[in-house]
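Notes follow once the structure below has been shown.
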Amino acid sequence: MTQDLELQQDAITTVREFLSALELGAVDEALELLHPDVVWKNTSLPDVGGGLARKILRNLNRDPFGFEVDVHHIAADGSIVLTDRTDFLQFGPLKIGFWVTGTFELRDGRIILWHDHFSWENFLRGTAVGVWRAVFSRD
């Protein structure tokens with residue numbers, strides 16, 4: 001029982017460290033947490049394999065792009081981690097916030113499956129709010 005709890009806690013820690021590294025722009029650290037055979041899935045978008053997933057993440061780590069995450073809930077069952085979160089994508093002055101549920105599967109302590117589920121309607125709503133704020137912000 002203790003070993004199973006340790007596995008779950010290690011899996012949660014890995015996912016938290018991965019998301020935190022992406023948020024901090026420490027893409028190399030995030031990539032170290034991905035299994036070489038990682039598959040990245042997003043709702044209704046094509047699956048992205050290891051090399052291409054790494055390339056996309058590296059390209060997102062430059063100005064004017066940014067990423068933030070607010071993890072609302074996180075739970076594990078063995079090497080499977082579920083997240084309920086709000087992701088924020090930034091493109092220059094435009095910041096888009098949208099709800100995401102994620103499923104992460106770990107193998108050998110690294111993320112082999114990263115499957116995010118989101119609503120296009122929620123994403124578009126977040127885009128509209130982001131455009132409004134970018135246009136009418138008085139910062």
Side-chain angles (χ1 to χ4, degrees):
M1 184 78 162
T2 302
Q3 186 177 16
D4 193 41
L5 290 175
E6 288 176 19
L7 174 65
Q8 290 174 353
Q9 193 57 49
D10 289 348
I12 288 173
T13 299
T14 298
V15 170
R16 283 191 184 278
E17 288 177 356
F18 174 72
L19 293 171
S20 179
L22 289 179
E23 187 173 34
L24 294 171
V27 174
D28 287 336
E29 290 178 31
L31 295 179
E32 287 296 317
L33 297 170
L34 296 179
H35 191 279
D37 299 325
V38 67
V39 175
W40 181 13
K41 297 180 175 205
N42 281 283
T43 301
S44 74
L45 297 174
D47 295 354
V48 178
L52 184 55
R54 292 171 193 286
K55 184 176 181 179
I56 291 168
L57 291 174
R58 283 192 198 285
N59 285 329
L60 291 177
N61 187 35
R62 57 176 85 172
D63 290 335
F65 301 113
F67 172 77
E68 292 178 35
V69 62
D70 184 5
V71 177
H72 307 295
H73 306 295
I74 190 165
D77 184 6
S79 61
I80 306 293
V81 178
L82 304 177
T83 61
D84 175 30
R85 61 187 204 266
T86 301
D87 285 0
F88 299 91
L89 300 178
Q90 187 150 355
F91 307 95
L94 176 62
K95 187 174 184 179
I96 302 167
F98 58 104
W99 169 79
V100 178
T101 59
T103 303
F104 296 84
E105 182 177 342
L106 282 75
R107 181 181 301 158
D108 302 324
R110 296 166 90 184
I111 298 166
I112 192 154
L113 174 66
W114 172 15
H115 191 175
D116 281 344
H117 310 272
F118 63 94
S119 156
W120 280 106
E121 179 183 342
N122 188 262
F123 180 81
L124 292 173
R125 185 179 305 118
T127 301
V129 169
V131 167
W132 177 267
R133 288 183 178 155
V135 170
F136 296 105
S137 176
R138 297 184 190 241
D139 290 341

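Computed from a predicted model, the values in this text were never measured in an experiment. The figures that follow rest on heavy atoms only: side chains count, while hydrogens, waters and symmetry mates do not.
- Between D87 and the choices D70, V100, V71, the side-chain contact (heavy atoms from CB on, under 4.5 Å) rule is met once, by V100.
- Under the 4.5 Å side-chain heavy-atom criterion for Ile, Leu, Val, Met, Phe, Trp and Tyr, L89 and W40 are members of the same hydrophobic cluster.
- Going from atom CD of Q90 over to atom CD of E68 covers 6.5 Å, rounded to the nearest 0.5 Å.
- Below 30°, between 30° and 60°, or above 60°: for W120 and F123 the angle between ring planes is above 60°, a perpendicular geometry.
- With rounding to the nearest 0.5 angstrom, the CG atom of L106 is 9.5 Å from the CG atom of D10.
- When hydrophobic clusters are built by joining Ile, Leu, Val, Met, Phe, Trp and Tyr residues whose side-chain heavy atoms come closer than 4.5 Å, directly or via intermediates, L22 is grouped together with F118.
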Taking it one step at a time, do T83 and H73 satisfy side chain to side chain contact (heavy atoms under 4.5 Å, CB included)? CA-CA 6 Å; T83 61; H73 306 295; over 6 Å; no
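- One hydrophobic cluster, built from ILVMFWY side chains closer than 4.5 Å, holds both V27 and V15.
- Rounding to the nearest 0.5 angstrom, the gap separating the CD atom in E17 from the CG atom in L24 is 11.5 Å.
- Between the CD1 atom in I74 and the CZ atom in R16 there is a gap of 4.5 Å [rounded to 0.5 Å].
- Follow the hydrophobic side-chain contacts under 4.5 Å out from V69 and you reach F65 in the same cluster.
- At a threshold of 4.5 Å between non-hydrogen side-chain atoms, the residues W114 and V48 do not count as touching.
- Distance check, rounded to the nearest 0.5 Å: CZ of F104 to CZ of R110 gives 15.5 Å.
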Test side chain to side chain contact (heavy atoms under 4.5 Å, CB included) on L82 and T101 and set out the steps. CA-CA 7 Å; L82 304 177; T101 59; over 6 Å; no
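- You'll find the ring centres of F88 and F67 outside the 6.0 Å limit.
- By the salt bridge (charged side-chain N to carboxylate O under 4.0 Å, His left out) test, K41 pairs with D47, sequence neighbours left out.
- Heavy-atom minimum distance, T86 versus H72: OG1-NE2, 2.7 Å.
- Side-chain N or O atoms of R54 include one that pairs as donor or acceptor with a backbone N or O of L34 at under 3.5 Å.
- Contact detail for A11 and G78: the closest heavy-atom pair is CB-O, 3.9 Å.
- Put simply, the residue from V131, V129, T127 that forms a side-chain contact (heavy atoms from CB on, under 4.5 Å) with I96 is T127.
- Between the side chain of S79 and the backbone N or O of R107, no donor-acceptor pair lies under 3.5 Å.
- Nearest heavy atoms, A53 versus V38: CB-CG1, 4.4 Å.
- Hydrophobic clustering (ILVMFWY, side-chain heavy atoms < 4.5 Å, transitive): L45 and L57 are in one cluster.
- Interatomic distance, CD1 of I111 versus CG of D37, reported as 14.0 Å (0.5 Å rounding).
- Donor-acceptor pairing under 3.5 Å is recorded for the side chains of D84 and W99.
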